[in-house]
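Report on the structure given below.
Naming: A, B, ... by sequence-line order, numbering from 1 per chain. None of these values were measured; they are calculated from a predicted model.
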Amino acid sequence: MRYSEMFLPTGRETPSDAEVVSHQLMLRAGMIRKLTSGIYSYLPLGLRVIRKVEQIVREEMNRAGAQEVFLPAAQPAELWIESGRWEMYGKELLRFKDRNLRDYCIGPTHEEVITDLVKNEIQTYRQLPRNLYQIQTKFRDEIRPRFGIMRCREFSMKDAYSFDVDEKGAELSYEKMFEAYNRIFRRCGLRFRPVEADSGSIGGSFSHEFLVTADSGEDGMVYCTACAYAANLEKAAVPKPEEKKADPAVFLPLEEVHTPAVRPIEAVCDFLRVTPQDVVKTLIFSCDGKPVAALIRGDEEINEIKLKNFLGADMVELATDDIVYEVTGAPKGFAGALGIKCRAIADYSLMNMTNFVMGANKEDYHIKNCNFKRDFNVDTFADLRMVEEGDACPRCGKEIRFARGIEVGHVFKLGTKYSKAMKATFLDRDGKEKLMIMGCYGIGIGRTAAACIEQNNDDEGIIWPVSLAPFQAVITPVNIKDVRLMEAGETLYGELTEGGLDVLFDDRDERAGVKFKDADLIGIPWRVTIGPKRIEEGTVEVRNRKTKEVTILPLGRVYGFIRQAIDDELKSYETDGSGT
RNA sequence: CGGGAUGUGGCCCAGUCUGGUAGGGCACUGCGUUCGGGACGCAGGGGUCGCGCGUUCGAAUCGCGCCAUCCCGACCA
């Protein structure tokens, strides 16, 4: 590609409405432009990167035995009603009507469509397993689009769906995808970590997220310093403490205390001269419409996802004031487990507490010296709180660490959630009709590119790994009016292109400095500078974007040198471990 | 949806408090000089100051309403 002909508007100033580096650099490098909130256009340079990501994804999906399809973006409401998600999905689902006033949506994901397709075409175990994938534009009407392309409303996603005859097969499909994802992100030159995750609204039983480590990431994760355990913050388990038998002798008598108008836990502590560790918070939740009390230590934070999963509920939210009043007989802020009129579950953190403070279920009163068994009982103890600094690894007990990451991929075991709802069955070897076991697997294409920039940049701009670079090399004649330079440039451009490299020939009538700045900004891994002095002796400079290392080479050896370097780098992705 | 901020040529920003002829830098056009890390000079083109209503002799500036964008919290690839 000749730079002079390319639609590549670069900017020297950082756009004011971009906060994270990847967004800033994608704008400055002329990769993307915003149309409206959360909706972006890709310019040629940006599209080149997207195509590179897609290519890697295709190769690895195909290698893993999946087959590419292309499903519709516009989907009829009937399918979503059938799966139950027309109601469940909420406002993120962009809905519209056609001319006959029939309801449609733009697919935020494609479980419905694929399940519908497969159930109509697959009847027997002989046709299974199958894994189908596509790379498609999704639309999710996000509450808050942000960080440019990282979290946008319209975006390109690779989604794959596996169908198996049994649990064992489904697990194998899952493992294949898990391995494919590792290969994909390695080939993208990313530092990432697969972590255990919650399966969210997609549903299903088990899942892993692939998080690219970055401080700007929206997801928190926890990983063990000793074993392989790693999990999303919202999923990370807290080990069950050892239960110590409390000696009833230490129990102090219950004491009701007047605590007028003190509600926040800190105020209660100040008032009663105790620490939050001595207080038990009683939070009333509405779980699929039923009230449930969750007890947790005053200094801990409840993890609603854990609560939801523990209860096997579809929907968990903090109860309204009315419900709180109904089960406790008091306004919000004074709930306690004594005499509460609903199911109560306590976090492990309470297991060995004695003489603690709770709300009295009576306005402006708390109770001191509460004790389990003597005063009340809970249904059960469970892991309900967020992990925190200082917790041990739930698997091996060693030290865990916290990090942030960008979720670029997610693999789910769906089980029969959709096949059941949509009756995707097959006839098994034994002549019985059975439900297909499904899995689904997503990768954010644009997000992967953005995450890559997030990890690979410096003050000058982007530093692409060769696997994703829009061009692998740029040829920069320092002055296009010097025919010797241009002739050498043309020759080299032809030679490198012949050799199968993606080359940008900077034939613009610009000063050398401008060309250098642009090349650095858009992050091309290799730059060949053709200048007047060296060309006399037939040599040029080959410069590495990342290391800034310059190698002087005769024209004839440039291709071989760059080819070798590129091949070496590509090979290194295949063998490097993921890690951080 | 709650909290905060911003809206002035394509981009970055000043001007707004204290109303009085819309400015600078970058980019763009022409000419000349320059030419290995975002050159310089001269001459140009381009703006309903987010939108609407109001106050005023006069509004980018003051008031009210609306819209859009960005950042912080609940969703997700």
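Base contact: A:Glu460 has a heavy atom under 4.0 Å from a base atom. Using a 4.0 Å heavy-atom distance criterion, A:Gly513 is classed as a sugar-phosphate-only contact. Nucleic acid contact for A:Asp159: none, since no nucleic acid atom lies under 4.0 Å from a heavy atom of the residue. Heavy atoms of A:Gly531 sit under 4.0 angstrom from at least one base atom. Residue contacts for A:Pro15: at a heavy-atom cut-off of 4.0 Å it reaches the sugar-phosphate backbone alone, with no base atom in range. As judged by a 4.0 angstrom heavy-atom cut-off over every strand, A:Arg28 is placed among the base-contacting residues. Among the atoms of the strands shown, none is found under 4.0 Å from any heavy atom of A:Arg33. If you check every strand for non-hydrogen atoms under 4.0 Å, A:Val514 touches a base.
B:rA77 has its base stacked against the ring of A:Phe155, the centroids being under 5.5 angstrom apart at an interplanar angle below 30°.
Of the C1' atoms belonging to B:rG47 and B:rC31, the separation is 27 Å, rounded to the nearest Å. To the nearest whole angstrom, the two P atoms, one in B:rG2 and one in B:rC66, are 12 Å apart. With P as the reference atom, B:rU29 and B:rU21 are 33 Å apart, rounded to whole Å. B:rG58 and B:rG24 have their C1' atoms separated by 26 Å, with the value rounded to a whole Å.
Nucleotide B:rC70 forms a Watson-Crick or G-U wobble pair with B:rG4, both donor-acceptor distances falling under 3.5 Å. Using the Watson-Crick or G-U wobble rule with both distances under 3.5 Å, B:rG47 pairs with nothing in any strand shown. The nucleotide B:rC62 finds its pairing partner in B:rG54, both defining distances of the Watson-Crick or G-U wobble pair being shorter than 3.5 Å. Under the Watson-Crick or G-U wobble criterion, with both distances below 3.5 Å, B:rG37 has no partner in any strand shown.
To the nearest 0.5 Å, atoms CD1 (A:Ile296) and CG (A:Asp347) are separated by 4.5 Å. Atom CD of residue A:Gln75 and atom CG of residue A:Asp103 lie 13.5 Å apart, to the nearest 0.5 angstrom.
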Anything under 3.5 Å between a donor and an acceptor, one on a side chain of residues 39-57 of chain A, the other on a protein residue two or more places apart or in another chain? List them.
| from | atom 1 | to | atom 2 | distance (Å) |
| --- | --- | --- | --- | --- |
| A:Tyr40 | OH | A:His23 | NE2 | 3.4 |
| A:Arg48 | NH1 | A:Pro470 | O | 3.1 |
| A:Arg51 | NH1 | A:Glu54 | OE1 | 2.9 |
| A:Arg51 | NH1 | A:Glu54 | OE2 | 3.4 |
| A:Lys52 | NZ | A:Ala469 | O | 2.9 |
| A:Lys52 | NZ | A:Asp502 | OD2 | 2.6 |
| A:Gln55 | NE2 | A:Glu59 | OE2 | 3.0 |

Could you go through nucleotides 14-16 of chain B and list every protein N or O atom that sits under 3.5 Å from one of its N or O atoms, giving the distance for each pair?
none

For nucleotides 67-69 of chain B, which of its nitrogen or oxygen atoms have a protein nitrogen or oxygen under 3.5 Å away, and what is each distance?
| from | atom 1 | to | atom 2 | distance (Å) |
| --- | --- | --- | --- | --- |
| B:rU69 | OP1 | A:Thr36 | OG1 | 3.3 |
| B:rU69 | OP1 | A:Ser37 | N | 3.2 |
| B:rU69 | O3' | A:Lys34 | NZ | 2.7 |

Give each protein N/O atom lying under 3.5 Å from an N/O atom of nucleotides 24-31 of chain B, with the pair distance.
| from | atom 1 | to | atom 2 | distance (Å) |
| --- | --- | --- | --- | --- |
| B:rG25 | N2 | A:Glu13 | OE2 | 3.4 |

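Every side-chain contact (heavy atoms from CB on, under 4.5 Å) that A:Arg146 has, sequence neighbours left out, goes to A:Arg144, A:Arg151, A:Glu218. In this structure A:Glu112 satisfies the salt bridge (charged side-chain N to carboxylate O under 4.0 Å, His left out) test together with A:Arg85, sequence neighbours excluded.
Side chain to side chain, A:Ser162 and A:Tyr174 fail the donor-acceptor criterion of an N or O pair below 3.5 Å. A:Gln24 and A:Thr14 share no donor-acceptor pair across their side chains, judged by distance under 3.5 Å alone. For A:Asp506 and A:Thr476, the side-chain atoms include no donor-acceptor pair closer than 3.5 Å. A donor-acceptor contact closer than 3.5 angstrom is absent between the side chains of A:Arg12 and A:Thr10.
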A:Asp17/A:Lys34 under salt bridge (Lys or Arg N to Asp or Glu O under 4.0 Å): CA gap, chis, key distance, verdict:
CA-CA 11 Å; A:Asp17 57 357; A:Lys34 183 174 70 183; 3.6 Å; yes
Could you check A:Lys235 against A:Glu196 for salt bridge (Lys or Arg N to Asp or Glu O under 4.0 Å), going step by step and ending with a plain yes or no?
CA-CA 7 Å; A:Lys235 173 81 177 177; A:Glu196 290 180 17; 5.7 Å; no
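Between the base of B:rG36 and the side chain of A:Arg527 there is no donor-acceptor pair shorter than 3.5 Å. Residue-to-nucleotide contacts include a donor-acceptor pair under 3.5 Å from the side chain of A:Asp518 to the base of B:rG38. A donor and an acceptor atom sit less than 3.5 Å apart, one in the side chain of A:Arg151 and one in the base of B:rC76.
Distances shorter than 4.0 Å separate none of the side-chain N or O atoms of A:Arg146 from OP1 or OP2 on B:rC75.
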